[in-house]
K.L.:
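Provided herewith is a single structure, encoded as structure tokens, for subsequent inquiry.
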There are 2 protein chains.
Amino acid sequence: MKKRKTPLVEAVKRKTLSEEVIDHIIQLLIDGTLKPGDKLPSEVELSEMLSVSRPVLREAMSSLDSLGMIHRKTRGGTYFSKKIGSRPFSIMLALSAGDIVEIVESRMALELGLVTLAAENITAEELDTLSQTIEKMSVKQKGYTKYDREFHRIIALSGSRTIFEGMVDAILTAFDKTLSEIKEKEHETTLKHHRNIYQALKKRSPMEAFTHMYEHMNFVRHRILTAFHKNTGESE
Amino acid sequence: MKKRKTPLVEAVKRKTLSEEVIDHIIQLLIDGTLKPGDKLPSEVELSEMLSVSRPVLREAMSSLDSLGMIHRKTRGGTYFSKKIGSRPFSIMLALSAGDIVEIVESRMALELGLVTLAAENITAEELDTLSQTIEKMSVKQKGYTKYDREFHRIIALSGSRTIFEGMVDAILTAFDKTLSEIKEKEHETTLKHHRNIYQALKKRSPMEAFTHMYEHMNFVRHRILTAFHKNTGESE
DNA sequence: ATAAGTATATTTGTCATACAATAAAACCAA
DNA sequence: TTGGTTTTATTGTATGACAAATATACTTAT
């Protein structure tokens, strides 16, 4: 019989220096010492303050940069970001590369939550822009993907908080990349759904907005998964 | 009068080498060369393959590590992760440090979307664990936060896809940290809401699950924001 | 005095090298 | 085979030097 493979305690991997530096720097935000938009000390200053070498300090800064927490410019210095941006999420989504269900249902979860919040506070301008996307889409039988995406994007961003803003574009992009071929069908149904969602948002009704978005997303998901299974012969 | 400050083209900040390395490595996932769980070449091999110095290569690896895309062990090598984990999201949430509305509504958006998907596929085991949290909570008048959180966590994870899994714990933790003092009130109402949500999930009814979760979240949000404004005297 | 052009200096970006720390793998002995 | 020891591969940390970009200070010409 095999010996135990998993040790009793979870083998606490000691933190590296650069990880500790990351903690130390974000602590500046948490305790309010610095705020989004503020400038950080230079690399040499920081590395001296924290008693680490510059490479270690730079590994931490590179991490914070790729997380969208800071941005750096040669000679310009380093600043805390005000928004995260979409890049970190786009990278993360690579772990789900090619997994259609993952992408579709991630988008579903995201948009269902955000359309609800959007309905609570959507502005007149956003409503106006929304109706324009519907108009433009209605006069095109082909090549309307752009307006379709814009419709969803406006709603999602309207309901977004900082952490979700970057995620919206990342997921929409991943969606488009993964499903480039399947789209551009069911023009009328899509249009009808969009109009329903728009009316619910105009009424500032979260429940109705959710209901219609769920109907729409269910439709989109079903269409995609059906097309996918037809292509592959339902291997799983 | 001042000269124009913003150039016509958006000053495309040239990518650093470590950013290009990041792109190159995640491309291995996107084109399917490697999969989550697979081992990557060693740092020296990679730095030779990509013709960059080891520090630059390490900055990229550090970034991917902090994004939860890889994990590294001395002598053990580097592997693509299967899950993202909560750490990157916890760091990102530091940008919203102290902003109660941000935290509360981020959690709202997240849970509203996920409870809907959870209702579609929740397992019997998850339902059972859920009902246990309700039971345990019902017999405690104080110190039930643990079971409250567990209830929400099970649901959110049940509806989660890879990208959201880490986010759940990150947001729940941020929520608890930000609102440590305000909680532990309205025991009966909370319990009632949880039971409603549970019943809807048991029925596998996404619409009802959403409805009851929205009611619950609205209740929680209102309670928190009211308590907050009372404390601060609505300065903004 | 103002504007434009130039030089300077600061900050991030990259490289090469060396050694430390960890732990997997190979080896050896009972 | 088992258990302990040695070796070795891999990541972790440090130092130093130079390159590239650009904000700032300075100089010059109009």
Side-chain angles (χ1 to χ4, degrees), chain A residues 1-7 9-25 34 37-81, chain B residues 1-7 9-25 34 37-81:
Chain A
M1 190 184 192
K2 261 188 174 175
K3 209 66 173 302
R4 80 154 42 244
K5 272 291 162 53
T6 50
V9 287
E10 180 47 37
V12 176
K13 178 179 47 185
R14 202 181 102 259
K15 263 188 183 167
T16 65
L17 278 183
S18 66
E19 281 175 312
E20 285 180 22
V21 170
I22 292 173
D23 291 343
H24 205 280
I25 291 180
L34 291 176
D38 286 351
K39 186 171 189 171
L40 280 81
S42 74
E43 291 182 356
V44 284
E45 285 176 297
L46 275 175
S47 64
E48 282 167 8
M49 290 165 61
L50 303 177
S51 317
V52 295
S53 68
R54 206 178 143 221
V56 165
L57 192 275
R58 277 187 61 81
E59 285 181 19
M61 297 309 247
S62 177
S63 293
L64 289 170
D65 201 338
S66 68
L67 282 164
M69 297 293 295
I70 62 172
H71 50 272
R72 303 178 281 177
K73 255 172 50 186
T74 306
R75 162 75 214 218
T78 302
Y79 293 80
F80 276 118
S81 307
Chain B
M1 191 188 195
K2 261 187 175 174
K3 208 63 175 303
R4 86 154 37 244
K5 270 294 162 50
T6 49
V9 287
E10 179 47 35
V12 177
K13 177 178 48 184
R14 202 181 101 258
K15 262 187 185 170
T16 64
L17 278 182
S18 65
E19 281 175 311
E20 284 181 22
V21 170
I22 291 174
D23 291 342
H24 205 280
I25 290 180
L34 291 176
D38 285 352
K39 187 171 189 171
L40 281 80
S42 73
E43 291 182 356
V44 283
E45 285 176 298
L46 275 175
S47 64
E48 282 166 9
M49 289 165 61
L50 303 176
S51 317
V52 295
S53 67
R54 202 175 147 225
V56 165
L57 191 276
R58 277 187 61 82
E59 284 182 20
M61 296 309 248
S62 177
S63 293
L64 289 170
D65 201 338
S66 67
L67 281 164
M69 297 292 295
I70 63 173
H71 51 271
R72 303 178 281 176
K73 254 170 53 183
T74 306
R75 166 73 215 220
T78 302
Y79 293 80
F80 276 117
S81 307

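Numbered from 1 within each chain, the chains take letters A, B, ... in sequence-line order. Just so you know, these numbers come straight off a predicted model, no measurement behind them.
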K.L.:
What does the B/S/- profile of nucleotides 11-21 of chain C look like, 5' to 3', with a 4.0 Å heavy-atom cutoff to protein?
P.N.:
BBBBBB-B--B
K.L.:
Restricting to salt bridge (Lys or Arg N to Asp or Glu O under 4.0 Å), what partner residues turn up for D23(A), sequence neighbours left out?
P.N.:
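For D23(A), the residues satisfying salt bridge (Lys or Arg N to Asp or Glu O under 4.0 Å) (neighbours in sequence not counted) are K15(A), R87(B).
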K.L.:
If the condition is side chain to side chain donor-acceptor pair (under 3.5 Å), which residues does S47(B) pass it with, not counting sequence neighbours?
P.N.:
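Result, side chain to side chain donor-acceptor pair (under 3.5 Å) vs S47(B): none returned.
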K.L.:
Taking only residues two or more places apart in sequence or in another chain, which ones pass side chain to side chain donor-acceptor pair (under 3.5 Å) with S53(B)?
P.N.:
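Expected list: none.
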K.L.:
To the nearest angstrom, how far is L57(A) atom CG from dG16(D) atom P?
P.N.:
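Nearest whole value for this atom pair: 16 Å.
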K.L.:
Rounded to the nearest angstrom, tell me the gap between atom CD in E48(A) and atom P in dT15(D).
P.N.:
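Rounding to the nearest Å, CD of E48(A) and P of dT15(D) are 11 Å apart.
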K.L.:
Among all residues two or more places apart in sequence or in another chain, which pass the side chain to side chain donor-acceptor pair (under 3.5 Å) test with E43(B)?
P.N.:
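Partners of E43(B) by the side chain to side chain donor-acceptor pair (under 3.5 Å) criterion, ordered by chain and then number, come out as R54(B), R58(B).
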K.L.:
Work out how much the helix from dA1(C)-dT30(D) to dA21(C)-dT10(D) bends between its end axes, five pairs an end, to the nearest 10 degrees.
P.N.:
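Computed from the C1' atoms at both ends, the axes differ by 10°.
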K.L.:
Side-chain donor-acceptor pairs under 3.5 Å in residues 73-80 of chain B, sequence neighbours left out?
P.N.:
none

K.L.:
For E48(B), enumerate each residue passing the side chain to side chain donor-acceptor pair (under 3.5 Å) test, keeping only those at least two apart in sequence or located in another chain.
P.N.:
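E48(B) satisfies side chain to side chain donor-acceptor pair (under 3.5 Å) with no other residue.
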K.L.:
For the backbone of S63(B) and the side chain of S62(A), can you confirm whether one donor and one acceptor N or O come within less than 3.5 Å of each other?
P.N.:
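Looks like no, no N/O pair under 3.5 Å.
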K.L.:
Check whether any side-chain heavy atom of T16(A) lies under 4.5 Å from a side-chain heavy atom of E59(A), and answer yes or no.
P.N.:
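No, too far: nothing below the 4.5 Å cut-off.
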